Amino acid sequence: MRLDYILKGIDILRSNGNPDIEISDIASDSRKCGPGCLFIAIDGFESDGHDYIGQAVAAGAAAVVYSREEAEKTVSSLGVVSVRVQDSRSAAADIAGNFFGHPSRDLNLVGVTGTNGKTTIATLLYRLFSGMGYCCGLLSTIANYICGERFETSNTTQDPITINRLLRMMADRGCEYCFMEVSSHALHQGRVRGLRFRGAIFTNITHDHLDYHKTFSEYIRCKKLLFDSLPKGSFALVNSDDRNASVMVQNTRADIYRYSEGSMAEFKVRITERSLEGYLLSINGTEVWTRFIGDYNAHNICAVYGAAVLLGADKEETLKGISAMGPVQGRMEYFKCRRDITAVVDYAHTPDALENVLRTLREISSGAQLVAVFGCGGNRDRTKRPEMAAIGAKYADRIVITSDNPRFEKPESIIEDMKQGLDPGGMAKALFITDRREAIRTALMTAQDGAIVLVAGKGHEDYQIVNGVKSHFDDKEIIQEAAL
């Protein structure tokens, strides 16, 4: 594709060289550049792409888009076409849309945002519509899928070039629907800029990512950006049991719909039976058995139902599909162990998510001992650490506080922060074991017969990051080795 077409609509401050050259690919990572590539230098949060312009050109890049004035000398000395823009991050999204032919316009793209529930809702919608015979795409925390084929992912929401590349693949393979998790980071950084959404779903807003957003109001503002961008004729489906639902849809051009358990809504859910094997729900007056547990999952299921109906799916077929589906990987997955112990693996890594999971398990435990194994991530929001510990002590009979992904922090320091949330009663319930493998084993070996042991925080993740080194680690594998 010609460079001048790729740059259509981009606000260019300065350019040098032939704008008619053919571009073979685009990249914002110099390691992904090849002959004829356009390299977009982005000032990132961990590294600056402008520092890698030389490597990109050495790898074959034929043109460079940049924004930092200091990079002009470097670019001009390399003998390639160069284009300076005001903001290369925004330009990257617009360029990606142009290069890949704005593929979101060829799909029914549905975004899911909120603190909790994004993965479950997006994944279940993908499963549901795939089960109805549609070719679908999924962009999620766990993995990306195109018509059943899995593509690994590194972020909840990928960079705009990867997103548009995957959407183009989906459209070319005949996908009709794509369901996508949209994180607050992605919205703030413009990763979904220029995408056309058929609809968006809001789950909830609770304490998370304040290490990045700094204030709760800024976190909310970033989430709201998704609904601000919705075009006329699309739908906005929000959880009206969350007090911030009305904020999300202020000034949106989309048609507004609500789902709820306790307030007025177009899509209503009520829990009629609870057990460790699943919940019986009433959705808009029709009962459906699900293999999901947790009151929050009742909300998630209702959101899936509402979105499916808004996308034109048959109501009865939708409920049948929901009834046939099981839990999402790492979300309330449970395993039967020796001595009638039930081990539960869940991704809960925020105070609200941990409280929801523990409250659910306490409600359906029938008096059984409840043990919780969890920690907090390193180099992330420290303010939630004591709160997480306090919540664990409030609901569980015993807590084992351990490492999550310490990253570059000392696990012992993270645990010390968590201890600040424990009163004497909480301290009496607690064990502190830095090694996560040993913590899980200890919890299972010392649990009473018939106990429920929750292992929280990592869910689907099959790795642990210690001292910046990423190594294989899977909570489910540890449970299977120790107790099955």
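Not measured: the values here are computed from a predicted model. The figures here come from the full heavy-atom set of this structure, side chains too, leaving out hydrogens, waters and symmetry mates.
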Between the side chains of [X] and [Y], is a donor N or O closer than 3.5 angstrom to an acceptor N or O?
| X | Y | value |
| --- | --- | --- |
| Asn405 | Lys458 | yes |
| Arg191 | His185 | no |
| Thr203 | Tyr296 | no |
| Asn116 | Asp352 | yes |

Distance (rounded to the nearest 0.5 Å) between [X] [atom1] and [Y] [atom2]:
| X | Y | atom1 | atom2 | answer |
| --- | --- | --- | --- | --- |
| Leu230 | Thr252 | CG | OG1 | 4.5 Å |
| Ile401 | Leu422 | CD1 | CG | 5.0 Å |
| Tyr145 | Cys178 | OH | SG | 14.0 Å |
| Ser263 | Lys268 | OG | NZ | 6.0 Å |
| Ser323 | Ile301 | OG | CD1 | 9.5 Å |
| Glu176 | Cys136 | CD | SG | 7.5 Å |

[X]/[Y] ion pair, N-O < 4.0 Å:
| X | Y | value |
| --- | --- | --- |
| Asp228 | Arg221 | no |
| Glu461 | Arg436 | no |
| Asp94 | Arg193 | yes |
| Asp314 | Lys320 | no |

Is it the case that more than 12 heavy atoms not belonging to [X] sit under 6.0 Å from its [atom1] atom?
| X | atom1 | result |
| --- | --- | --- |
| Lys32 | NZ | no |
| Gln86 | CD | no |
| Glu277 | CD | yes |
| Arg362 | CZ | yes |

Exactly one candidate in Leu370, Val455, Leu361 meets side-chain contact (heavy atoms from CB on, under 4.5 Å) with Val344; the answer is Leu361
Which class fits the ring pair Tyr347 and His349: parallel under 30°, tilted 30 to 60°, perpendicular over 60°?
tilted
